[in-house]
Q: 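Provided herewith is a single structure, encoded as structure tokens, for subsequent inquiry.
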Amino acid sequence: MSVLVNTKNEQEEKVLLAFLDSLRYNYQADVEKNADELNIAFIDQYNAEIEQADAAIEAGSFVSHEDVEQLFKNRRKAL
């Protein structure tokens with residue numbers, strides 16, 4: 001999975017990077033130099049995930065709206 005984050009200021013960026021470092025996440029900072037390349041990669045990955053989701057739905061791997069409504073009804077009764 002890829003996530004593109006635009007921070008608002010330097011302090012916010014430092015906090016985010018410290019958080020990612022603490023969890024040992026791999027990340028790339030200061031990607032403006034090759035932004036076009038990253039945008040293309042992001043769009044390609046996004047399209048691949050949509051195709052995977054479409055294939056899963058066509059294969060019958062989904063939850064119907066009625067099942068979700070029933071789940072919430074039963075959950076409310078339990079509370």
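Just the heavy atoms: all of them, side chains too, but no hydrogens, waters or symmetry mates, feed the values below. All residue numbers refer to positions in the sequence shown, counting from 1.
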Q: Do you reckon Val15 sits in the same ILVMFWY cluster as Leu23, going by side-chain contacts under 4.5 Å, direct or chained?
A: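 Different clusters.
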
Q: Do Ile43 and Leu38 share a hydrophobic cluster (ILVMFWY, side-chain heavy atoms under 4.5 Å, transitive)?
A: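 Hydrophobic grouping puts Ile43 apart from Leu38.
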
Q: My understanding is that a hydrophobic cluster links ILVMFWY residues whose side chain heavy atoms are under 4.5 Å apart, including indirect links. Using that, what else belongs to the cluster containing Ile40?
A: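 Its cluster partners, ordered by chain and number, are none at all.
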
Q: Working to the nearest 0.5 angstrom, can you tell me the gap between Asn6 CG and Glu13 CD?
A: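 It comes to 10.5 Å.
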
Q: Distance check, rounded to the nearest 0.5 Å: Asn9 atom CG versus Lys14 atom NZ?
A: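 That separation rounds to 10.0 Å.
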
Q: Would you say that Asp54 contacts Ile50 through its side chain, given a criterion of any heavy-atom pair below 4.5 Å between the two side chains?
A: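 Yes, side chains in contact.
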
Q: If I take atom CD from residue Gln70 and atom NE2 from residue His65, how far apart are they, to the nearest 0.5 angstrom?
A: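 Between Gln70 CD and His65 NE2, I get 12.0 Å after rounding to 0.5 Å.
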
Q: Has Phe42 got more than 12 heavy atoms of other residues, nucleotides or ligands less than 6.0 Å from its CZ?
A: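 No, the 6.0 Å shell around CZ holds no more than 12 heavy atoms from other groups.
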
Q: Can you tell me how far CG of Leu17 sits from OH of Tyr27, rounded to the nearest 0.5 angstrom?
A: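 Rounded to the nearest 0.5 Å, the OH-CG separation comes to 4.5 Å.
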
Q: Which pair of heavy atoms, one from Thr7 and one from Glu12, lies closest together, and at what distance?
A: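 Smallest heavy-atom distance, with atoms named: CA-OE1, 3.1 Å.
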
Q: Please go through Phe72's hydrophobic cluster and name the other residues, only I, L, V, M, F, W, Y counting, with side-chain heavy atoms under 4.5 Å joining them.
A: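 Listed partners: Val63, Val68.
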
Q: Taking atom CD of Glu37 as the centre, report whether more than 12 heavy atoms of other residues, nucleotides or ligands fall under 6.0 Å from it.
A: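 For Glu37, atom CD is not crowded (no more than 12 foreign heavy atoms under 6.0 Å).
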
Q: Would you call Glu69-Lys73 a salt bridge at under 4.0 Å N-O?
A: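 No, Glu69 and Lys73 are not salt-bridged.
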
